[in-house]
Amino acid sequence: MVCGDMMISEFVDPKTGARCHQTMVTMRDGTRLNTFVFRPAVGERFPVILQRTPYGIAEQDGSANYDVSKAWLPAQAEPLSGSILRGWKNITSHGYAAVYQDTRGRFGSEGEDRVYADDASDGWDTLEWISQQPWTNGRVGMSGSSAGATTTYAAVSTRHPSLQAFWAQVGGSSIYEDVVCEGQSIEMERLWLWVAKNIHGLSASHREAVRTRAGLSEIEMDEAATRALARYERLDAARHDIPAYTSSEDWMRLPLLDYPDFAVWQPFLNEIISHPLPDAFRTAHNFRDAIEIPGFHVTTWYDIFLTSVIAAFTEIQMRVGNQRLWIGPNDHYFIYKEQFWPRDPYFDWFGYWLKDEISPLLDEAPVYFAPISWTDDPQGYKAVSWIYANNWPPYGARKVPLHLTVKGALEPQATSVGSLEYIYDPRNPVPTHGGRNMAIDPGPLDQRQVELHSNYGLVYRGEPLDAPMTIAGTVYVELHVSSDCSDTDFIAKLIEETQDGEAKLLMDGVTRAMLRNGTDKVEYLQPGEIVKLTISLGHIYHTLEVASCLRVDVTSSNFPRRARNTNSGNLDLAKDSDADIRKACNTVYHGGETASQIMLTVL
């Protein structure tokens, strides 16, 4: 069938009777995006659920980009999996039209992939196209997971009048401030492994655009793709090295800019890591600031996007209301398992906002969370003890400070004045082991093996608890510090030491010293100058048992979760080479007017 100048493949699903077709939707600059539409078997006009993803709307090997009969569906064994949520068969069976779309420069779509930079405007243009179709009743929702959640936040931020509600899980609502540039450092592990792993999904038009601009032949592009895959496999395998990551030439390579083969296929990687200061580019990716409709936000306690999802809920709830926040245990990927969920509220949510159906969700408290941050038995986990709250942190949570002492202790009151120092050598960083990671091993992993590092940093240990302690909310560390370099990173970890000596990583965070106030003002460290900085560790709900100890570790590297600060004082660390590396002697101060402390939120 031909519609205008576009070929549209169409079929009727023999099992459900759903009417399905493929089309190319034209954006404002003439770029056409590959789009699948699915309508229920009966009826003419429907509420619509739109989902936009960089991961492919058909076979993810790229073999059937335009074949709507091979549109993506979750596996029967994992019905809640995927960047596209619930699948078109489930959506149409509930009386909605489903729309899938490959994002710009991905799989079957034209244009060049610029990693979320075009998803707000492309989202608006797609919503405008939907609003003009005869099969919509004018009420549209959006949903997505991970990258699909970020594209959802982006489109929702445009305030298209047809959008009534959205659902976003484990994705970034302000991708640079919360994730890529968290603490003004460069988040590295996800960027490198995610970019490399997704080269295969870059579209033919993307390939041609970057090939022409780089002046490469088709053969050279193919060779670069082969090398990129091999490099990805080496990067991924480096977790098994001893020591992990830091003995890998691929991980340790400098400069970060123009990273071999990755930047050939995805040159926007250079753009991503070249905004050390808050600027217009980063602000344009703060999607939550402009959102004004009901939203359902879901994350996990060890999700790399945890802080971004909670910030979206908190800020939009305060400004608009009608938001929901669910938080479960474990990592980014556990959310795709049925056992993660107390129940599946997806169609309750959209039923209320798009179809005027009665929903119990609207009578429940807006926050619902798991009272454990991690389970070592995810397969056997049952979400039966989740807790409702009207806000996050929950009612009754209070701030409790513990002071870091010169004797390496954690105490309720500041004690004697003094300082402790350690050496940070960027050529020998402390390896990442656990935490809110996405592409490398996450979770509350035992830190004893990384403590053996020759220049690990400082350790502050509290007394064994004589009663359980529940941390429920934000945690941050305030340090008074100095360095013999004009810039360096300070990293803090919150650790639970159990009775058997295990050192479980609960939370961690980073602050780049010369950008310590989080603004566009550069404040170099001066020799002998003591400055105050704050390190946010994020959010958690976790109960420490009797006889466990709280511990705070202070160091200056967590690699490759964070790219290394070379201590050079150069603003744009992505440009630094091995020649820019400086070894730093970093000092933490205690007591009196230069007290350092951790601020817990406890119940």
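Residue numbers start at 1 and run along the sequence shown.
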Undergrad: Tell me if the CG atom of L452 is crowded by more than 12 foreign heavy atoms within 6.0 Å.
TA: yes

Undergrad: Can you see whether S482 engages Y589 through a side-chain donor-acceptor pair at a distance of less than 3.5 angstrom?
TA: yes

Undergrad: Under a 3.5 Å threshold, yes or no: a donor from one side chain and an acceptor from the other, between K399 and T474?
TA: yes

Undergrad: Whether the side chain of R562 engages the backbone of T432 through a donor-acceptor N/O pair (distance < 3.5 Å, no angle test) should be reported.
TA: no

Undergrad: Are P401 and I598 side-chain neighbours, meaning at least one heavy-atom pair lies under 4.5 Å?
TA: no

Undergrad: More than 12 foreign heavy atoms under 6.0 Å from NZ of K583: is that the case here?
TA: no

Undergrad: Is the backbone N or O of T405 less than 3.5 Å from a side-chain atom of T415, with the two atoms forming a donor-acceptor pair by type?
TA: no

Undergrad: Yes or no on side-chain hydrogen bond (donor to acceptor under 3.5 Å, both in side chains) for N517 and T519, after CA distance, side-chain angles and deciding distance?
TA: CA-CA 6 Å; N517 291 316; T519 68; 5.9 Å; no

Undergrad: Does the side chain of S146 come within less than 4.5 Å of H332's, by heavy atoms?
TA: yes

Undergrad: Between Y424 and D489, is there a side-chain donor-acceptor contact under 3.5 Å, judged purely by atom types and distance?
TA: no

Undergrad: Taking the side chain as every heavy atom from C-beta outward, state whether V588 and V481 have any pair of such atoms under 4.5 Å apart.
TA: yes

Undergrad: Answer yes or no: is there a side-chain heavy-atom contact under 4.5 Å between L256 and W192?
TA: yes

Undergrad: Counting the benzene-type ring for Trp, do Y176 and F281 have ring centres under 6.0 Å apart?
TA: yes

Undergrad: Tell me if the aromatic rings of Y460 and H590 count as close, with their centers under 6.0 Å from one another.
TA: yes

